[in-house]
A.B. asks: 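Submitted below is the structure of interest, expressed as structure tokens.
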Amino acid sequence: MIRCGFSVRLSADDSVENQDEEYFFIEMNGNERRIRFHDYEEIYKIPGLYEHLFYDRLRCESPQVVADLLENEIEETPRSMSDLKVLDLGAGNGIVGKVLNKKGVNSIVGVDIIDEAAAAAKRDRPGIYDDYLVEDFSDIDDNLRNILEKNKFNCLTCVAALGFNDIPSAAFANGFNLLQENGMVAFNIKPDFVEDGDSTGFAYLIKEIVAEDILELKSEKRYCHRLSMNGDPINYVAMVGMKKAEIPEHVCREL
Ligand SMILES: C[S@@+](CC[C@H](N)C(=O)[O-])C[C@H]1O[C@@H](n2cnc3c(N)ncnc32)[C@H](O)[C@@H]1O
């Protein structure tokens, strides 16, 4: 992958309380500017910046950890990784697709809400996705749903994308409902967002679908997702489960 000439300066700011408000400085062509960590449009436009920031500097482990956990579970079933038809929700510039592809998955459709993500995936990891849709997955119409159902997805991945005003619970529920029965679901999230009292709706969704045997949780792993700006570990939980039924309308309406 081509990397543009830039240098990144990280500077911890104690006034920043939330992970999605963190920012960094980038110097390119003699100019320095500030970019928020969650300003993905700007980050994806610069080849190599997302990888340098989150992977080289902040040691993000999530795509590998989630894919490894998924692979371990697949080994417990008669299926193999090459049988998976994956819907990668919040696919970004394709890092998860690439990790899955290395593990033998050769059917992956990516979805992201911004054009810059689709363009970066095509630019940086060509050939990894069979198709890449730019859609707000929290609001998909029947026409798109009918088209996507033809893919007969048997795996949903959603990595480093839930919580913090990223992918809403409704988008996750839409992806989940597109899976075939017994399809695998692999995702990660900050534990606060799955514990009681969380306001994003994800805690409610997970509690409800596990209690109703809609999602059978198979395994989970607590690990360091990445480092914070001051070098402290940010711990997440990776989860893998199996879809047993559709999420009903009344649960979706609450999200
Ligand atoms: C932190 S990135 C993760 C990218 C990739 N999964 C990875 O692990 O490198 C989160 C992505 O979710 C996308 N996203 C946020 N809301 C979305 C929505 N409603 N529908 C689809 N994608 C969304 C963002 O544009 C962003 O590219």
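Every number for a ligand or one of its atoms is a count from 1 in the order of the listing.
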A.B. asks: Using a 4.0 Å cut-off to any heavy atom of Val96, which atoms of ligand 1 qualify?
C.D. replies: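 In order of number, 6 (N), 8 (O).
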A.B. asks: Quick one: which ligand 1 atoms are inside 4.0 Å of a heavy atom on Glu135?
C.D. replies: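 Listed by number with element: 20 (N), 21 (C).
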A.B. asks: Please report whether ligand 1 has a polar contact with Asn93, defined as an N or O pair separated by less than 3.5 Å (distance criterion only).
C.D. replies: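 N/O-N/O distance under 3.5 Å: no.
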A.B. asks: What distance do Ser7 atom OG and Glu32 atom CD have between them, rounded to the nearest 0.5 Å?
C.D. replies: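 Those atoms lie 7.5 Å apart.
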A.B. asks: Test Phe54 against Phe37 for ring-ring contact (aromatic ring centres under 6.0 Å, His included), laying out the working first.
C.D. replies: CA-CA 9 Å; Phe54 291 108; Phe37 275 23; 5.5 Å; yes
A.B. asks: In terms of ring plane angle, is the pair Tyr50 and Tyr44 parallel, tilted or perpendicular, where the classes change at 30° and 60°?
C.D. replies: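 Rings of Tyr50 and Tyr44: tilted, as their planes differ by 30° to 60°.
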A.B. asks: Charged N to carboxylate O below 4.0 Å: is that the case for Lys103 and Glu71?
C.D. replies: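 Judged by the 4.0 Å cut-off on N to carboxylate O distance, Lys103 and Glu71 do form a salt bridge.
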A.B. asks: Counting each atom of ligand 1 from 1 as listed, which ones have a heavy atom of Ala160 under 4.0 Å away?
C.D. replies: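 Result: 1 (C), 2 (S), 3 (C), 8 (O), 10 (C).
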A.B. asks: Is the shortest distance from a Lys or Arg side-chain nitrogen in Glu51 or Arg59 to a carboxylate oxygen in the other one below 4.0 Å?
C.D. replies: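 Salt bridge: no.
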A.B. asks: Among all protein heavy atoms, pick the one closest to atom 10 (C) of ligand 1 and tell me residue, atom and distance.
C.D. replies: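 Protein heavy atom at minimum distance: Asp166 OD2, 3.6 Å.
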A.B. asks: Would you mind checking which non-hydrogen protein atom is closest to atom 5 (C) of ligand 1, with the distance to 0.1 Å?
C.D. replies: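 Nearest protein contact, heavy atoms only, for atom 5 (C) of ligand 1 is Gly90 O, 3.4 Å.
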A.B. asks: Any salt bridge between Arg36 and Glu42, counting N to O under 4.0 Å?
C.D. replies: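 No, this pair does not count.
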A.B. asks: Which one holds for Cys158 and ligand 1: side chain close, backbone close, both close, or neither close, with close meaning a heavy atom under 4.0 Å?
C.D. replies: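 Neither part.
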A.B. asks: Can you name the atoms of ligand 1, numbered from 1 with element, that are less than 4.0 Å from a heavy atom of Ile114?
C.D. replies: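 The atoms of ligand 1 under 4.0 Å from a heavy atom of Ile114 are 25 (O).
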A.B. asks: Check each heavy atom of Phe54 against ligand 1 and say whether those closer than 4.0 Å belong to the side chain, the backbone, both or neither.
C.D. replies: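 Neither part.
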A.B. asks: Are Arg34 and Arg9 close enough, and set up right, to give a side-chain contact (heavy atoms from CB on, under 4.5 Å), and what steps lead you there?
C.D. replies: CA-CA 9 Å; Arg34 179 178 135 149; Arg9 183 162 64 84; over 6 Å; no
A.B. asks: Are Asp112 and Asp88 close enough, and set up right, to give a side-chain contact (heavy atoms from CB on, under 4.5 Å), and what steps lead you there?
C.D. replies: CA-CA 9 Å; Asp112 204 285; Asp88 185 20; over 6 Å; no
A.B. asks: Test Asp232 against every option in Asn235, Ile234, Asn230 by the side chain to side chain contact (heavy atoms under 4.5 Å, CB included) rule and name the one that passes.
C.D. replies: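 By the side chain to side chain contact (heavy atoms under 4.5 Å, CB included) criterion, Asp232 pairs with just one of Asn235, Ile234, Asn230: Asn230.
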A.B. asks: Using a 4.0 Å heavy-atom cut-off, which part of Asp112 comes near ligand 1: side chain, backbone, both, or neither?
C.D. replies: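 It is both backbone and side chain that touch ligand 1.
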A.B. asks: Any idea which protein heavy atom is nearest atom 8 (O) of ligand 1, and the distance to it?
C.D. replies: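 Heavy-atom neighbour on the protein nearest atom 8 (O) of ligand 1: Val159 O, 3.4 Å.
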A.B. asks: Could you tell me whether a side-chain N or O of Asn174 sits under 3.5 Å from a main-chain N or O of Phe137, the two making a donor and an acceptor?
C.D. replies: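 Confirmed, Asn174 side chain pairs with Phe137 backbone.
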A.B. asks: With the threshold set at 4.0 Å, does a side-chain nitrogen-carboxylate oxygen contact exist between Glu249 and Arg253?
C.D. replies: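 Answer for the salt bridge query: yes.
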A.B. asks: Using a strict cut-off of 4.0 Å, indicate which atoms of ligand 1 neighbour a heavy atom of Pro168.
C.D. replies: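 Close to Pro168: 19 (N).
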A.B. asks: For atom 20 (N) of ligand 1, what's the nearest protein heavy-atom neighbour? Residue, atom name and distance, please.
C.D. replies: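 Protein heavy atom at minimum distance: Phe137 N, 3.2 Å.
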A.B. asks: In terms of residue, atom name and distance, what is the protein heavy atom nearest to atom 22 (N) of ligand 1?
C.D. replies: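 Result: Ile113 N, 3.2 Å.
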A.B. asks: Report yes or no: does a heavy atom of Tyr55 sit under 4.0 Å from some atom of ligand 1?
C.D. replies: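 Tyr55 counts as a contact of ligand 1 under the 4.0 Å cut-off.
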A.B. asks: For atom 7 (C) of ligand 1, which protein heavy atom lies nearest, and how many Å away is it?
C.D. replies: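 Minimum-distance protein heavy atom for atom 7 (C) of ligand 1 reads Tyr50 OH, 3.5 Å.
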A.B. asks: With heavy atoms of Ala91 as the reference, note each atom of ligand 1 found under 4.0 Å away.
C.D. replies: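 So the answer, numbered in order with elements, is 5 (C).
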A.B. asks: Could you find the nearest protein heavy atom to atom 19 (N) of ligand 1 and give me its residue, atom name and distance?
C.D. replies: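 Minimum-distance protein heavy atom for atom 19 (N) of ligand 1 reads Asp136 OD1, 2.9 Å.
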